[in-house]
Amino acid sequence: MEPQQPSHHRQTVALPDPATLKRLALSDSGFVFDPVSGNSFTANGSGLSILRLLQGGNTLDQVVASLGAEFEVTPSLAERDVIEFISQLRSAFK
Amino acid sequence: MTASCLSVAITGMNAVPDNPGAGLAVARCLREAHGQEIRIVGLGYDALDPGLHRREYCDSVHLLSYPGSGAQALLARLLEIHEAEPIDLLLPCLDSELPLLVGLVPDLAERGVRTYLPSAEQLAMRAKDRLAELAREAGVAMPETLAIAQADFFRAAEREEWRYPLVVKGVFHDARIARNRDEAEQAFRAIAAEWGLPVLVQRRIVGEECNLAGIGDGRGALLGEVMMKKRAVTGRGKAWAGISIHDEALSDIARRLVAALKWRGPIEIEMIRDSQGEYQLIEINPRFPAWIYLSQGVGRNLPDLLLALALDRPPPPLAPPAPGLLFIRYAEETLVPLAAFERLMIEGQLLGDTSSK
């Protein structure tokens with residue numbers, strides 16, 4: 001099977017507010033706490049990596065590339081996971 | 001404890017599970033700040049108020065006449081207690097006492113009992129029937145609220161675009177969610193019978209409840225604010241678990257409200273953060289909340305700060321905001337010897353250690 005190419009829809013994906021991402025307390029265990037809203041949730045290893053990359057100010061392309069390299073997955077799979085996780089983040093921060 | 005140590009009388013010892021008064025939590029804050037260097041006098045209205053039987057927090061306890069007995073009966077009882085064991089500071093923790101007590105401040109002060117309370121006008125300005133006016137003045141969002149005198153309102157409510165569920169509230173206490181006309185009319189009748197007219201109808205805001213506790217200095221400043229988001233609630237919507245947060249937006253709203261009120265004394269501001277992330281004012285309580293022990297946990301012991309303000313002492317240091325401290329309530333049984341219960345019932349007071357008598 002040929003490796004799938006990243007979708008062309010990625011540019012339309014809105015990242016969560018940088019200020020919100022910045023304030024999150026991230027624990028190596030995957031526990032995430034927002035000190036402003038008081039909300040907390042847990043993230044798996046790849047979710048935590050995405051959050052750390054976003055906190056570091058990386059673009060969506062950079063996050064996808066880093067995640068693909070770190071977890072040895074195809075770019076399209078990495079992109080799908082990142083977009084799905086970002087969508088969950090947006091719901092969590094509504 | 002020394003014979004001349006400071007004596008603080010605290011009400012609201014009804015630490016019942018579904019809707020606890022704040023008295024026991026306030027006593028716990030002061031005990032942890034001052035150990036045995038402070039004498040805590042627990043005041044209650046019922047011999048079964050659980051806090052009265054936590055003798056590690058209450059050195060002595062007394063029963064009061066219910067606020068419905070009137071200001072003079074309350075004053076007479078407080079002075080009787082003051083005669084038996086001098087009170088330096090009276091720290092009321094129940095909404096229903098405050099209208100009477102603010103009127104008694106000069107009488108109490110004359111006899112050496114200090115308080116740190118709002119004026120009658122300040123108290124009235126944050127009452128539920130005037131809250132919308134205050135919110136407008138302070139530029140704070142609030143769900144639309146109507147004062148109604150007849151249950152007929154609910155017949156036409158939906159035509160008037162008041163969609164269910166609605167919140168039906170008493171002017172002083174009680175708030176019920178009505179999911180349809182029948183429930184709304186039932187809530188109206190029950191609340192009107194208990195708390196009188198008008199009854200308030202409020203649009204229901206869906207969101208997360210975040211509360212702020214602090215102390216107004218009487219000149220417009222808010223001191224020592226502590227914020228909490230509810231994480232679990234009782235059947236009556238009271239916090240069963242919560243977590244400390246810090247949100248400048250919430251703090252700013254609270255400062256504007258306290259400045260508009262020139263509030264003096266403890267205060268709790270109840271807000272809902274709606275789905276758009278905007279804070280909507282729900283209620284302002286003229287006292288510490290039952291979750292006030294969290295303030296001790298985050299290094300901002302608000303009852304101790306109030307003690308310092310009331311007694312013109314240097315205020316205790318306040319730690320920077322510390323989001324992320326969770327509190328979880330639990331229920332446990334306190335064992336009370338029959339003799340102690342009997343004395344409280346018959347004499348209306350318990351002095352000293354009666355645990356083995």
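Each chain gets a letter, A, B and so on, in the order its sequence line appears, and its residues count up from 1.
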Problem set entry | For A/G38 against B/R231, the heavy-atom pair lying closest together |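 Heavy-atom minimum between the residues: O-NH1, 2.9 Å.
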Exercise. For B/E144, does the CD atom have more than 12 heavy-atom neighbours from other residues, nucleotides or ligands under 6.0 Å away?
Worked result: yes
Problem set entry | Heavy-atom side-chain contact between B/E248 and A/V36 under 4.5 Å |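 No, too far: nothing below the 4.5 Å cut-off.
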Problem set entry | Beyond-backbone contact of A/S37 with B/R273, side-chain heavy atoms, under 4.5 angstrom |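 A/S37 reaches B/R273 side chain to side chain.
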For this session: Measure the spacing between CD1 of B/I245 and CZ of A/F33 and express it to the nearest 0.5 Å.
Result: 8.0 Å
For this session: With a 4.5 Å cut-off on heavy-atom pairs, point out which of A/S40, A/P35, A/A25 contacts chain B the most.
Result: A/P35
